[in-house]
There are 4 protein chains.
Amino acid sequence: MTQERPRGRPRSPEADRAILDAAEEVLLRDGYAGLSMEKVAAEAGVGKPTVYRRWVSKAALVGDVAKRGYRAAAPEVAIPRPGPGDAARAVAHWFRSHTEAMTDPRNRALVLALTAAAAESPQDAESLYRAHTLEQHRAIVDLLRAGMDSGEFRTDADPDAVVDALIGSTLYLLLTGGAAAAPQRAEGLARALLDGIRAS
Amino acid sequence: MTQERPRGRPRSPEADRAILDAAEEVLLRDGYAGLSMEKVAAEAGVGKPTVYRRWVSKAALVGDVAKRGYRAAAPEVAIPRPGPGDAARAVAHWFRSHTEAMTDPRNRALVLALTAAAAESPQDAESLYRAHTLEQHRAIVDLLRAGMDSGEFRTDADPDAVVDALIGSTLYLLLTGGAAAAPQRAEGLARALLDGIRAS
Amino acid sequence: MTQERPRGRPRSPEADRAILDAAEEVLLRDGYAGLSMEKVAAEAGVGKPTVYRRWVSKAALVGDVAKRGYRAAAPEVAIPRPGPGDAARAVAHWFRSHTEAMTDPRNRALVLALTAAAAESPQDAESLYRAHTLEQHRAIVDLLRAGMDSGEFRTDADPDAVVDALIGSTLYLLLTGGAAAAPQRAEGLARALLDGIRAS
Amino acid sequence: MTQERPRGRPRSPEADRAILDAAEEVLLRDGYAGLSMEKVAAEAGVGKPTVYRRWVSKAALVGDVAKRGYRAAAPEVAIPRPGPGDAARAVAHWFRSHTEAMTDPRNRALVLALTAAAAESPQDAESLYRAHTLEQHRAIVDLLRAGMDSGEFRTDADPDAVVDALIGSTLYLLLTGGAAAAPQRAEGLARALLDGIRAS
DNA sequence: GTTTAATCGAGACGGTACGTCTCGTCTTCTT
DNA sequence: AAGAAGACGAGACGTACCGTCTCGATTAAAC
């Protein structure tokens with residue numbers, strides 16, 4: 001057994017939470033560029049090494065803040081399960097709530113921060129960014145595949161491409177400051193894409 | 001007349017170019033996080049104030065570097081003009097070459113840097129990022145509108161949403177490190193989207 | 001009776017020795033500035049609290065290391081006892097061997113460390129430094145007093161001043177890196193001083 | 001010609017002074033162990049790099065503080081010049097005023113700090129410490145040599161040893177907290193030493 | 001034999017300071 | 001007036017130690 005009993009004083013879970021809370025607050029207040037490990041530590045009432053012991057870099061910390069923030073918003077963005085009925089309807093519904101969640105200023109700031117972190121250190125991009133969308137990405141792809149199996153969608157469609165377009169367009173609008181237009185465009189996009197892969 | 005005669009020593013155009021060259025080199029070598037105004041000035045053989053006299057911030061400088069880099073790649077990405085024929089074909093062709101251009105490591109690095117700059121300072125995001133895609137965005141929207149006018153596409157489609165999806169999906173793949181998969185997915189996406197808005 | 005019976009697990013004498021050994025080794029290797037309680041604990045294979053349980057500070061630990069080191073060199077520096085004969089000869093002999101012992105690189109490093117500790121925290125200086133010389137200081141003063149009683153030395157001389165000069169000059173040479181010159185100068189100094197207080 | 005014209009903005013002499021002032025104040029208030037480059041910079045209203053640009057280490061800074069402090073006290077400690085008359089009297093007079101100056105709490109603190117610095121980094125000891133006493137050391141040695149030439153002192157005496165004893169004993173008393181006893185002992189020591197080398 | 005209590009190692013804790021780097025501004029002399 | 005050079009005040013970087021604390025695990029004397 002890899003029992004691996006931990007030695008020494010265990011890490012304080014309160015410190016974990018205090019740091020994440022502080023980081024989120026700083027992020028929302030000062031943005032990604034305005035976030036420093038020093039400020040986070042001070043705000044959390046924690047020593048700098050206590051922060052570095054848990055997160056090796058600003059990027060990693062921001063990643064976890066965004067992850068937690070997204071998880072908190074998760075209930076609003078129900079991940080649909082393949083059912084007997086209308087796959088297109090389910091996808092459209094998910095996309096609508098996903099877009100709405102992303103339009104929330106709080107989530108928008110977190111996504112921006114996450115993108116900054118990912119773009120700054122490309123080697124972390126995969127783990128940082130995709131980790132947050134992977135679960136949903138897969139769920140929607142599954143949904144589309146089920147639709148293909150049931151004859152609702154064309155079998156030569158590329159479900160990954162469709163999902164990339166859905167998530168990517170929202171990200172693009174967020175980044176370019178066009179978040180306000182997102183909900184309307186989301187409708188049009190979902191309709192066009194799903195019509196485009198619908199079996200004739 | 002407000003002739004606006006400049007006084008004193010005129011600004012050296014060589015310094016402009018030297019700074020942009022140095023910034024691009026540093027960007028490709030060390031990434032956005034590894035770029036400092038100090039390093040750029042040193043690499044360009046120029047004093048720091050000379051850099052700050054032209055670009056107020058790292059973000060602005062990176063923006064111009066990306067703009068110049070994109071312009072250099074522009075010949076490969078011909079912006080299509082509305083013509084009599086097949087609008088869908090024209091859009092698909094543009095998207096293919098756009099995706100290919102973005103897949104080039106050099107361009108990828110510049111886009112990543114641009115994204116980092118935009119995400120770091122949201123207030124600059126609009127000017128920074130959209131400036132580079134606006135021209136193309138408009139051209140493709142025009143193309144789609146022409147297609148709608150000619151009866152090729154449905155009139156209730158949202159051309160902006162379509163273009164957001166095209167550009168956004170590529171950006172998303174770039175950011176998440178999935179650039180390699182881009183060309184294949186681009187095909188599927190273009191087909192699905194254009195089919196989706198095609199007049200029945 | 002305040003019998004003061006200890007309860008619980010007794011302190012490990014091995015830890016005591018391991019810590020002193022480690023501290024001495026670190027001191028000789030890295031000097032006083034390079035000695036940290038952390039390093040000592042690690043080198044001794046001991047937990048930090050085990051060190052702090054015994055020595056409240058770096059200065060106290062270094063003091064004990066120096067004391068032990070000096071004690072080890074003690075056999076070479078025989079402390080003279082007042083005898084019937086030549087007091088001046090006895091003092092000169094003690095001073096010669098004292099100087100020689102101090103010239104040894106090992107002892108020199110320990111004295112330097114001790115001085116650093118004393119100078120850093122003046123309130124500990126008395127206890128730290130003088131503790132190591134007090135015994136000898138007294139012995140030599142006694143020797144001089146005996147010489148005064150026996151008529152060998154002038155009765156108006158200040159034996160403390162003489163001993164301060166003997167010990168202080170050696171310390172001064174050690175501190176200023178002139179240790180190499182110490183033995184020769186010691187001869188001249190002892191002669192001058194003892195001649196100076198000799199009864200005419 | 002090694003004309004060596006300095007380029008760029010010259011170093012601010014005000015910063016130099018502000019740093020030295022701050023360092024001296026911190027030293028007198030908190031002692032050597034309580035002095036940090038950070039505190040000095042803050043107290044001087046100066047950035048940390050501005051301190052490090054001038055002094056590579058705490059030891060070097062403390063050295064210059066002590067040097068300046070000693071220079072300020074120099075008028076009180078007149079360095080005697082060889083004259084026609086009584087060399088012994090001149091040496092005794094110098095030693096008395098030197099001891100008195102060292103007994104002043106301000107100077108005592110500086111000497112302690114200097115000693116701590118020297119003892120902490122033995123490789124700097126020579127330059128750090130002796131620099132402050134070298135001038136006087138030489139002057140007194142010259143005085144003694146003149147006395148030997150004039151027949152006042154024995155020609156087989158070691159003037160360096162005598163001066164080491166004078167300076168060293170004061171240092172020893174300072175370090176061990178016996179500064180209060182210094183003046184009285186100084187009298188006895190000077191008499192004994194000078195009598196000891198006097199030509200019979 | 002069981003308590004009981006102080007020890008042990010390990011290592012996290014809130015902190016302070018380190019010495020370096022970059023920021024964007026300034027001051028100097030040269031062109 | 002713009003150039004390069006480089007110092008400036010400011011402050012973040014990531015690391016090393018400080019001295020204290022919390023762990024589970026010995027270890028021995030007291031019961």
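All values below were derived from every heavy atom in this structure, side-chain atoms included, with hydrogens, water molecules and symmetry-related copies excluded. None of the values given here were measured: they were computed from a predicted structure.
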*In whole angstrom, what separates A:R53's CZ from F:dT15's C1'?*
12 Å
*Under the side chain to side chain donor-acceptor pair (under 3.5 Å) test, which residues partner B:E43, sequence neighbours left out?*
B:R29
*Below 4.0 angstrom from OP1 or OP2 of F:dG3, is there any side-chain N or O of D:R7?*
no
*Compare side-chain N and O positions of B:T50 against OP1 and OP2 of F:dA2 and report whether any pair is under 4.0 Å apart.*
no
*Which whole-number value in Å describes the distance from C:D30 CG to F:dA16 P?*
14 Å
*Does B:R54 have a side-chain nitrogen or oxygen under 4.0 Å from the phosphate oxygens OP1 or OP2 of F:dA2?*
no
*asked:* Could you work out, with salt bridge (Lys or Arg N to Asp or Glu O under 4.0 Å) as the rule, every residue matching D:K39, not counting sequence neighbours?
replied: D:D30
*B:R54 side chain vs B:T50 backbone, donor-acceptor pair below 3.5 Å*: yes
Report each atom pair, protein N/O against N/O of nucleotides 11-14 of chain F, whose distance is under 3.5 angstrom.
residue: F:dC13; atom: OP1; partner: A:M37; partner atom: N; Å: 3.0
residue: F:dC13; atom: OP2; partner: A:M37; partner atom: N; Å: 3.1
residue: F:dC13; atom: OP2; partner: A:E38; partner atom: N; Å: 2.9
residue: F:dG14; atom: OP2; partner: A:Y52; partner atom: OH; Å: 2.4
residue: F:dG14; atom: O5'; partner: A:Y52; partner atom: OH; Å: 3.4
residue: F:dG14; atom: N7; partner: A:K48; partner atom: NZ; Å: 3.2
residue: F:dG14; atom: O6; partner: A:K48; partner atom: NZ; Å: 2.5

*Do B:V111 and B:L175 have side chains that get closer than 4.5 Å, going by heavy atoms?*
no
*Using the test salt bridge (Lys or Arg N to Asp or Glu O under 4.0 Å), find all partners of C:E38 that sit at least two apart in sequence or belong to another chain.*
C:K48
*asked:* Just to verify, what does C:A60 make a side-chain contact (heavy atoms from CB on, under 4.5 Å) with, not counting sequence neighbours?
replied: C:W55, C:V56, C:S57
*Please list, by residue number, the residues of residues 13-24 of chain A whose heavy atoms come closer than 4.0 Å to an atom of DNA chain E; answer none if no residue qualifies.*
none
*Taking CG from C:L61 and P from F:dC17, how many angstroms apart are they, rounded to a whole number?*
15 Å
*Please figure out whether A:R9 or B:A44 has its closest DNA chain F nucleotide nearer the 5' end.*
B:A44
*For the side chain of B:K58 and the backbone of B:Y32, is there at least one donor-acceptor N/O pair under 3.5 Å apart?*
yes
*Kindly write out the residues that satisfy salt bridge (Lys or Arg N to Asp or Glu O under 4.0 Å) with D:E24, not counting sequence neighbours, or none if the list is empty.*
D:R68, D:R106
